Colleague: 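There's a structure below that I have some questions on.
Owing to the predicted nature of the structure, the values given are computational and were not obtained by experimental measurement. Numbering starts at 1 and runs along the sequence shown. We count ligands from 1, going down the list as the structure has it; atoms in each ligand are counted the same way.
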Amino acid sequence: MSAVATIDELPAAYRQGVTAKNLVPLWPLMRAALPHNKPNRRTQPVIWRYRDARPDLLKAGELTPIEKAERRVLALANPGLGLENIQATPSIFIGLQLILPGETAPNHRHTPSAVRMVIEGSGGFTVVQGEKCPMEKGDLILTPAGLWHEHGHEGTGPVVWLDALDLPLVRLLEATYAIEGEPQAVRNEPDSSQSRYRRAGLVPYRAFETPRPRYPLLRFPWAEVREALTALSVITPHGALVRLAYVNPETGRDCMPVLGFSAIMLRPGETVTVPRHSASAVLHVIEGDGEAEIDGVTLSFSESDTLAVPTHAQVLLANRQTKSPAFLFQIDDAPLQRKCGFYEVFD
Ligand code: 1HN
């Protein structure tokens, strides 16, 4: 098709006339709204290095008492999307949250869904709907939309975790709000990863007619994920990606409605291509160091760094170490794209 008309080709009187009636000619905007073959992406491939961000986060601990912060979080903002919009990708909010010994981040619930991935420190915990989830490095803890949650710290030294929320999407829908609550009554029992859903393939017995809990498993301990990846790596052919998906153990499907989670192991010295897909993503380095090439941009990463991956991007990952594995955690909006009916995996 030949080039579409620009707005300037329309008579000024016509433009002013429609503008006064809150009408907008679509045709000059058509290509911007609906580009050919591949989306226009403002999201940049970027890295946030933990060693750079950590001092600022610890400083925030001195500058701002928790009572004044509610949540002490530094947002990882993608410059391509405008820093003020606090988006790592168009749908994903990422923050680094600090909690100091004895502090509590008060109970609330809200419309965005969140997960935490612990970066450092011991003794932190999150209570989700009465379930106390211990937080150790690499643990994934879900805080689905609408569930009460509060954080605490019973150990020594700083505890830091990565927050991932579907906040940008919920804001776009003009649907974000939170309700504050009294501290929760905590059930005195181990979290479900240690009790009801101790082992993959086993779930509490119930007749199939009985409805299954919507969010059965809220904590995925890293020690178990790491062990599972290591076992999988032994039988995975070279060149193939060693990867596990975090799923709802009752359904085998995505554990949350918008964001999906997976863990990748890079074997010593390994370089792999991640299947290109239509979702935007964030990669977080749990362990190891190496290089990521995202749409031709090479970014070297170390432990606890976080990277943004635009939609449709080509991703290559390399483990720089020849003796030790690297582990990465991926957050993406594939569950949402699947629901919308346009999720694609290419190649
Ligand atoms: C939130 O509620 C938490 O509960 C963390 O820890 C980060 C970022 C934006 C909006 C709400 C939390 C958040 C957040």
Colleague: Is the closest side-chain donor-acceptor distance between Q321 and D289 under 3.5 Å?
Modeller: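 There is such a pair between these side chains.
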Colleague: More than 12 heavy atoms of other residues, nucleotides or ligands under 6.0 Å from NZ of K339: is that the case?
Modeller: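 Counting neighbours around NZ of K339, more than 12 heavy atoms of other residues, nucleotides or ligands fall under 6.0 Å, so yes.
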Colleague: Does one side chain, of Q330 or R243, offer a donor that lies under 3.5 Å from an acceptor on the other?
Modeller: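 The criterion, which ignores hydrogens and geometry beyond distance, is satisfied for R243 and Q330.
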Colleague: Would you mind listing which atoms of ligand 1 come within a distance below 4.0 Å of any non-hydrogen atom of H110?
Modeller: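 By the 4.0 Å cutoff, the relevant atoms are 1 (C), 2 (O).
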Colleague: Considering non-hydrogen atoms of the protein only, which is the closest contact for atom 10 (C) of ligand 1, and what is the distance?
Modeller: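 Atom 10 (C) of ligand 1 sits closest to the protein heavy atom L165 CD2, 4.0 Å.
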Colleague: Are F327 and L241 grouped together when hydrophobic residues (ILVMFWY) are joined by side-chain heavy atoms under 4.5 angstrom apart?
Modeller: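 No; L241 is not reachable from F327 via cluster members.
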Colleague: Just by distance, no angles: are the side chains of S91 and D333 close enough, under 3.5 Å, to form a donor-acceptor pair?
Modeller: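 Yes, side-chain donor-acceptor contact under 3.5 Å.
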Colleague: With atoms numbered from 1 as shown, which atoms in ligand 1 lie under 4.0 angstrom from a non-hydrogen atom of D163?
Modeller: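 Once the distances to D163 are compared, the set is 5 (C), 7 (C).
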Colleague: So which protein heavy atom does atom 12 (C) of ligand 1 come closest to, and at what separation?
Modeller: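 Result for atom 12 (C) of ligand 1: R71 NE, 2.8 Å.
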Colleague: Less than 4.0 angstrom from a charged side-chain N to a carboxylate O is my criterion; do K132 and E189 meet it?
Modeller: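 E189 and K132: not salt-bridged.
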Colleague: Salt-bridge test for E150 and R71: reply yes if a basic N is under 4.0 Å from a carboxylate O, no otherwise.
Modeller: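 Looking at R71 together with E150, the answer is no, because their closest N to O distance does not fall below 4.0 Å.
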Colleague: How does L167 reach ligand 1, by side chain, by backbone, by both or by neither, if only non-hydrogen atoms under 4.0 Å count?
Modeller: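 It is the side chain that touches ligand 1; the backbone stays farther off.
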Colleague: Relative to the heavy atoms of F93, which atoms of ligand 1 are at a distance of less than 4.0 Å?
Modeller: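 By the 4.0 Å cutoff, the relevant atoms are 8 (C).
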Colleague: Strictly under 4.0 Å, does any heavy atom of H108 approach an atom of ligand 1?
Modeller: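 A heavy atom of H108 does come that close to ligand 1.
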Colleague: So between R72, R171, R116, whose heavy atom ends up nearest atom 3 (C) of ligand 1?
Modeller: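 It is R116 that holds the nearest heavy atom.
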Colleague: State the atoms of ligand 1, each with its element, that fall below the 4.0 Å cut-off from a heavy-atom position in H151.
Modeller: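 Per the distance check, 4 (O), 6 (O), 12 (C).
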Colleague: At the 4.0 Å heavy-atom cut-off, does E150 count as touching ligand 1?
Modeller: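 Contact check E150 vs ligand 1: negative.
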Colleague: Taking distance alone, with no angle check, do W161 and ligand 1 share an N/O pair under 3.5 Å?
Modeller: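 No: no nitrogen or oxygen of W161 is under 3.5 Å from one in ligand 1.
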Colleague: Please work out which of the three classes, parallel, tilted or perpendicular, describes the rings of H108 and H110, given edges at 30° and 60°.
Modeller: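 H110 vs H108 ring planes: perpendicular.
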